[in-house]
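So the structure is just underneath, and the comments pick up after that.
Below, read A as the first sequence line, B as the second, and so on, with proteins coming before strands; counting in each chain starts at 1. Side chains are part of it too, since the values below use all heavy atoms of this structure and drop only hydrogens, waters and symmetry mates.
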Number of protein chains: 2
Amino acid sequence: MGRLTIKDVARAAGVHPATASRALNPLLPGRISAGTTERVARAAAELGYVADPVGRSLRTQRSGTVGVLVPDLLNPFYPPVLRGVQEVLRGHGFEALIASTDNDPGRAGALLDVFRGRRCEGYVIASASRRDDAVGRLIAEGVPVVLVNRLTEAAAPSVTSDDARGIGQAVRHLAELGHTRIGHLAGPSGISVTRAREAAWRAGLRAAGLTPERSWVVRAGQYTASAGERACGTLLDRGEVTAILAGNDMIAVGCYAAFAARGLSCPEDVSLVGINNMPLAEWLRPSLTTVAIDQEELGARAARLLLARLADPAARVGDVALPTELVVRRSTGPVRP
Amino acid sequence: MGRLTIKDVARAAGVHPATASRALNPLLPGRISAGTTERVARAAAELGYVADPVGRSLRTQRSGTVGVLVPDLLNPFYPPVLRGVQEVLRGHGFEALIASTDNDPGRAGALLDVFRGRRCEGYVIASASRRDDAVGRLIAEGVPVVLVNRLTEAAAPSVTSDDARGIGQAVRHLAELGHTRIGHLAGPSGISVTRAREAAWRAGLRAAGLTPERSWVVRAGQYTASAGERACGTLLDRGEVTAILAGNDMIAVGCYAAFAARGLSCPEDVSLVGINNMPLAEWLRPSLTTVAIDQEELGARAARLLLARLADPAARVGDVALPTELVVRRSTGPVRP
DNA sequence: TTGAAAGCGCTAACAT
DNA sequence: ATGTTAGCGCTTTCAA
């Protein structure tokens, strides 16, 4: 089964290979007669010809490949994002290379080198820290980059969630349940969403007529369940808050463990709100009240932004902020009298 | 910033491009003098040269690319598998293209066509059903394929888990806790692991001196939490069993919801055992007793098998069965007196 | 051991 | 509108 080349198609259609190539690539300069186009298309279809991307890439200097970097593939938040990215990319003939830094910013450089080696045309970066050398360099070089969820000091088109809205709803929801001391388990500093969420929490409290206290915030070193468990333990042991806004759902997952370890029941003793509405959030016990973000849409929009820049490098593609919405489940309840 | 080519390296080292190419590819026929090799290597390093995979692929007819197909990227079982696959592949200069069928066997064909179009050299298939046309065709064509976790009627090298051992331990564990009526929530028929696990459950009961009843098995249509919840509901409503072996951890996740809906507490009223020990299994409440499979190793071994076949298409690479081990957590307890 | 030359499959520039 | 030619970057004959 020797590979089928464009020569085979050309021969079958009785034309020159270059003509066949043009006939199969619709919008090229120097159009082809309808009849020829038709014959070539038919021949290609009958033979089952698929253009070799390697030969094409070598000639066009475009790989049809995009690098996607996520911070933690084991965090259920990201698979849906990848799904959105891939769905859009495949629809446009692009393919994604995927890598995870596994929450180690130091690995980004090496992984981006792999992508570069593969001649990726552009990048979707969901793993950026605010001052991220590797990503900053990429942006400085003028390589098409779209940031997802996390921004860098270097500016690039981005898709984020409008956390302020959902977090505001979350705090109001808790306040309406009678909570006046609402803690926050922030993610690692150095990541843009961490700041944004903490600021939104602060603003939300003020809007509800409450005064955020310094001691109500504990910083989890990572957006992981175990970091969340530790941070939550610290916060609980201070004994001040009756409700907690976790920096994301994984931190919230860790909270359940911290509650159990202290014999606290949720929501009777403590109310808990997460952020992300990751796929398993509704299956936790109690099911998790959380600020929902459309993860797949996040990825899809990022892919579209990137495709726009790829199609026209001069295009000024903007930023997108997706709305967030509180989803009330069973992890929040009235404050203990 | 024009891309760096081998010509640049050759010029810097004062040799012919062909010589430079040979110097950089260690084990080629026609060896190069140590001195030249040295100079070329130094020049390449100083310039930061990385061979263009496109040019190389065109010449060698090898893409350095492998297609990986999983059934459900949203199932936390698979990300670690992918991690294992990627780790090994990258270590050997290969890159993975990843796709998920999203539990729809019908999508496999189209996704494999995408892979084929990208000239993947081989495939890691974790999504196969027992009679899987698309995968069967691949195998019949002699394309290097390694199956993970799920076997097809067509034979190909595979990496699976030795579920029998772990499931045997699980049933014994439950029996020792006094359970005599132990149900099973099987996965979708048509997938090899489903059969293997059901058979192991049956064998485990017999080994414990118990007789498996037909009515103790309910089949979940998918390996998902919602399918698990439905199936578990059916089983519970029959009111016969005091313990449940779920077909995998996602089905077990659904069980927690079914328990809650019926006011049953776990493990006081029902004991539950999952299979996989997916990340998050330990974070569920109660934490899930489960038959652990080393997911990352599953992926890593599959990648190694595939690399062996790619390096030598005639190589007879065998099958691997990884050991499983029961991990006892808090979802299992003594039967109610 | 190294150089010269050819060619992988494709498409863009040029020629007709 | 179509054919001709050339060349993308690399490796692998073949020759020296």
Looking at B/Asp72 and B/Tyr78, what are the two nearest heavy atoms and their distance? O-CD1, 3.3 Å

Where B/Ala13 and B/Arg39 come nearest, the two heavy atoms and their spacing: O-NH1, 2.7 Å

Short side-chain to backbone donor-acceptor contact, [X] and [Y], under 3.5 Å:
{"X": "A/Glu121", "Y": "A/Gly64", "value": "yes"}
{"X": "A/Asp132", "Y": "A/Ser129", "value": "yes"}
{"X": "B/Gln86", "Y": "A/Ile98", "value": "yes"}
{"X": "A/Glu95", "Y": "A/Thr65", "value": "no"}

Base D/dT2 paired with A/Arg39 side chain (donor-acceptor, <3.5 Å): no

Checking B/Arg309 now: which residues fulfil salt bridge (charged side-chain N to carboxylate O under 4.0 Å, His left out) with it, not counting sequence neighbours? none

Thinking salt bridges, do [X] and [Y] make one under a 4.0 Å N-O criterion?
{"X": "A/Asp104", "Y": "A/Arg107", "answer": "no"}
{"X": "A/Glu141", "Y": "A/Arg116", "answer": "yes"}
{"X": "B/Asp102", "Y": "A/Arg83", "answer": "yes"}

For the side chain of [X], counting heavy atoms from C-beta on, which of [options] is nearest?
{"X": "A/Ala51", "options": "C/dC10, C/dG9, C/dA12", "answer": "C/dC10"}
{"X": "A/Ala18", "options": "D/dT5, D/dC10, D/dC14", "answer": "D/dT5"}
{"X": "A/Asn25", "options": "C/dT11, C/dC8, C/dC14", "answer": "C/dT11"}
{"X": "B/Thr5", "options": "D/dT4, D/dA6, D/dG9", "answer": "D/dG9"}
{"X": "A/Ile6", "options": "C/dT11, D/dG9, C/dA13", "answer": "C/dT11"}
{"X": "A/Gln61", "options": "C/dG3, D/dG9, C/dC14", "answer": "D/dG9"}
{"X": "B/His16", "options": "C/dA5, D/dG9, D/dT12", "answer": "C/dA5"}
{"X": "B/Ser21", "options": "D/dC10, D/dT5, D/dT11", "answer": "D/dT11"}
{"X": "B/Arg56", "options": "D/dT12, C/dA12, D/dC10", "answer": "D/dC10"}

Grab the [atom1]-[atom2] distance between [X] and [N] for me, whole Å please.
{"X": "B/Arg11", "N": "D/dG9", "atom1": "CZ", "atom2": "P", "result": "12 Å"}
{"X": "A/Arg59", "N": "D/dG9", "atom1": "CZ", "atom2": "P", "result": "10 Å"}
{"X": "B/Asp52", "N": "D/dT11", "atom1": "CG", "atom2": "C1'", "result": "13 Å"}
{"X": "B/Arg62", "N": "C/dG9", "atom1": "CZ", "atom2": "P", "result": "16 Å"}
{"X": "A/Leu24", "N": "C/dA12", "atom1": "CG", "atom2": "C1'", "result": "16 Å"}
{"X": "A/Arg22", "N": "C/dA13", "atom1": "CZ", "atom2": "P", "result": "11 Å"}
{"X": "B/Leu58", "N": "D/dT11", "atom1": "CG", "atom2": "P", "result": "11 Å"}
{"X": "B/Glu38", "N": "C/dT1", "atom1": "CD", "atom2": "C1'", "result": "17 Å"}

Kindly say if [X] contacts the phosphate of [N], meaning a side-chain N or O under 4.0 Å from OP1 or OP2.
{"X": "A/Thr60", "N": "C/dT11", "result": "no"}
{"X": "A/Thr36", "N": "D/dT2", "result": "yes"}
{"X": "A/Tyr49", "N": "C/dC10", "result": "yes"}

Do B/Ser158 and B/Asp319 have a side chain donor and acceptor closer than 3.5 Å? yes

Please give me every residue in residues 307-314 of chain B whose heavy atoms get under 4.0 Å of an atom in DNA chain C, ordered by residue number. none

Pick the nucleotide of DNA chain D nearest each of A/Arg119 and A/Pro17; which residue has the one closer to the 5' end? A/Pro17

Note every stem involving DNA chain C: at least three consecutive Watson-Crick or G-U wobble pairs, i with j then i+1 with j-1, with both distances under 3.5 Å. C:1-16 with D:1-16

